[in-house]
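To keep things clear, I will list the structure first and then write my remarks on it.
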Amino acid sequence: MEFTAGMIAGLIEGTVVGDPEAKVNNFAKIEEGKPGCISFLANDKYENYIYTTESSVVLVNNNFQPKKEIKATLIKVPDAREAVAKLLQIYESMKPKRTGISDLAFIDSSAKVGKNCYIGPFVAIAEGVEIGDGCVLHPHVTIGKNAKVGENTEIYSNAVIYHDCKVGSRCILHAGCVIGADGFGFQPTEEGYEKIPQIGIAIIEDDVEIGANTCVDRAVMGATIVHSGVKLDNLVQIAHNDEIGSHTVMSAQVGIAGSTKVGEWCMFGGQVGVAGHATIANKVMAGAQSGIANSIKKDGTAVQGAPAIDYKNFWRSSVVFKNLPELNTTVNQLKKEIEELKNKLNEQH
């Protein structure tokens, strides 16, 4: 697919500075630009590349003022990062979608598969399954008994949806993710740990994206729920009976313990851990490696550290922490001097 700068500007409501007939057919980072590519500049520290890039077109913010000549045609937009995201979405939507069912797939006779689906080789679809229209199931996907998948959902290779679980429409499940495995439930006895049956399900609502090797466990009873618009990175663990609010995002290796409720529009950095039975308010932001041991009740709270505290407090404390060896030396010296003064005073009396 080939587009002119003028066509692209029309799609993203931008203004062309340079040749509106400049043609592009691919994307590239600005520092790796080649003729026929479109790049973007949204961070000042990369500005030097705009003067040397070979890309034919570069998206820039409206307030960008070049310091010297630029070979590329510019398209000015309010937000270059947002504009390139929109272009990538348009580009992806224009790719032809695969359809058809491989002869090497297994689909139980009682299962229902919608129109215009692609079912790849070695996909296994059990009895009672319902697959919506326009779904794409890549090779080696497994869908368990009575599970349901909504329309236009894409599931990548080796992902597994366990029995009775539900996945909504327009979701993306990446390779190796598991929906509905048993939660970590065991009762200690004198003989060892006795397994507690996990008889609930997992529900993934619409427009959710789940990263590679991420797990959403089924509930002990009832349902583990990931609400609409949630985005989970790779290697995230959502435990049994959790509820993740709409549009919350979690980076890699986040772990949410069981029976925890996370609010809407939260943002968790990498390796954040949340204790079980906690309630997290809406729009909470947790920095990487934060350990959240208790509920956070105030919307918009930002925390950092383990145990997690207010992020400003954390950064003030981290400055002190770096100086602890010197502070310890100073305190010991002061203690010694105070002791010497006490001894002198005692001698005088």
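For the single chain, residues carry numbers from 1 onward in sequence order.
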**Asked** Going hydrophobic residue to hydrophobic residue with side-chain gaps under 4.5 angstrom, can you get from Val60 over to Ile75?
**Response** no

What side-chain donor-acceptor pairs closer than 3.5 Å can you find for residues 6-26, not counting sequence neighbours?
| unit_1 | atom_1 | unit_2 | atom_2 | d |
| --- | --- | --- | --- | --- |
| Asp19 | OD1 | Glu21 | N | 2.9 |

Is the closest basic N to carboxylate O distance between Glu205 and Lys166 below 4.0 Å?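 Judged by the 4.0 Å cut-off on N to carboxylate O distance, Glu205 and Lys166 do not form a salt bridge.
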
Got a salt bridge between Glu32 and Lys29, using NZ or NE/NH1/NH2 to carboxylate O under 4.0 Å?
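Yes, charged N to carboxylate O under 4.0 Å.
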
Can you name the residues that form a side chain to side chain donor-acceptor pair (under 3.5 Å) with [X], not counting sequence neighbours?
{"X": "Asn313", "result": "Ser317"}
{"X": "Ser110", "result": "Asp108"}
{"X": "Asp217", "result": "Gln237"}
{"X": "Thr248", "result": "none"}

Sidechain-backbone polar pair: [X] side chain, [Y] backbone, donor-acceptor under 3.5 Å:
{"X": "Asp242", "Y": "Ile238", "result": "no"}
{"X": "Thr214", "Y": "Asp233", "result": "yes"}
{"X": "Asn323", "Y": "Val320", "result": "no"}
{"X": "Asn234", "Y": "Ala212", "result": "yes"}

Separation between CD1 (Ile119) and CG (Leu104), nearest 0.5 Å, reads 13.5 Å

**Message:** How long is the straight-line distance from OG of Ser55 back to NZ of Lys34, given to the nearest 0.5 Å?
**Reply:**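 Answer for the NZ-OG pair, Lys34 versus Ser55, is 10.0 Å.
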
Which atom pairs, donor and acceptor, lie under 3.5 Å between side-chain atoms of residues 262-271 and protein residues at least two apart or in another chain?
| unit_1 | atom_1 | unit_2 | atom_2 | d |
| --- | --- | --- | --- | --- |
| Gln271 | OE1 | Gln289 | NE2 | 2.6 |
| Gln271 | NE2 | Gln253 | OE1 | 2.6 |

### Message
Show me the pairs that pass ring pair (Phe, Tyr, Trp, His ring centres under 6.0 Å) and involve residues 314-336, at least two apart or across chains.
### Response
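Pairs touching residues 314-336 that pass the test: none.
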
Residues 290-308 vs side-chain hydrogen bond (donor to acceptor under 3.5 Å, both in side chains), sequence neighbours excluded, gives none

>> Does anything in residues 275-288 form a side-chain hydrogen bond (donor to acceptor under 3.5 Å, both in side chains)? List the pairs, not counting sequence neighbours.
In response: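 Pairs touching residues 275-288 that pass the test: none.
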
Between Phe27 and Tyr91, is the ring centroid distance below 6.0 Å? yes

Between Phe186 and Phe184, does the ring centroid distance fall short of 6.0 Å?
yes

Show every donor-acceptor pair shorter than 3.5 Å between a side-chain atom in residues 122-150 and any protein atom, with sequence neighbours excluded, or say none if there are none.
| unit_1 | atom_1 | unit_2 | atom_2 | d |
| --- | --- | --- | --- | --- |
| Asp133 | OD1 | Lys115 | N | 2.8 |
| His138 | NE2 | Glu154 | OE2 | 2.8 |

Show me, pair by pair, the donor-acceptor contacts under 3.5 angstrom made by side chains of residues 170-183, not counting sequence neighbours?
| unit_1 | atom_1 | unit_2 | atom_2 | d |
| --- | --- | --- | --- | --- |
| Arg170 | NE | Asp207 | OD1 | 2.8 |
| Arg170 | NH2 | Asp207 | OD2 | 3.1 |
| His174 | NE2 | Glu209 | OE2 | 2.7 |
| Asp182 | OD2 | Lys195 | NZ | 2.9 |

Sequence neighbours excluded, the answer for ring-ring contact (aromatic ring centres under 6.0 Å, His included) partners of Tyr46 is none

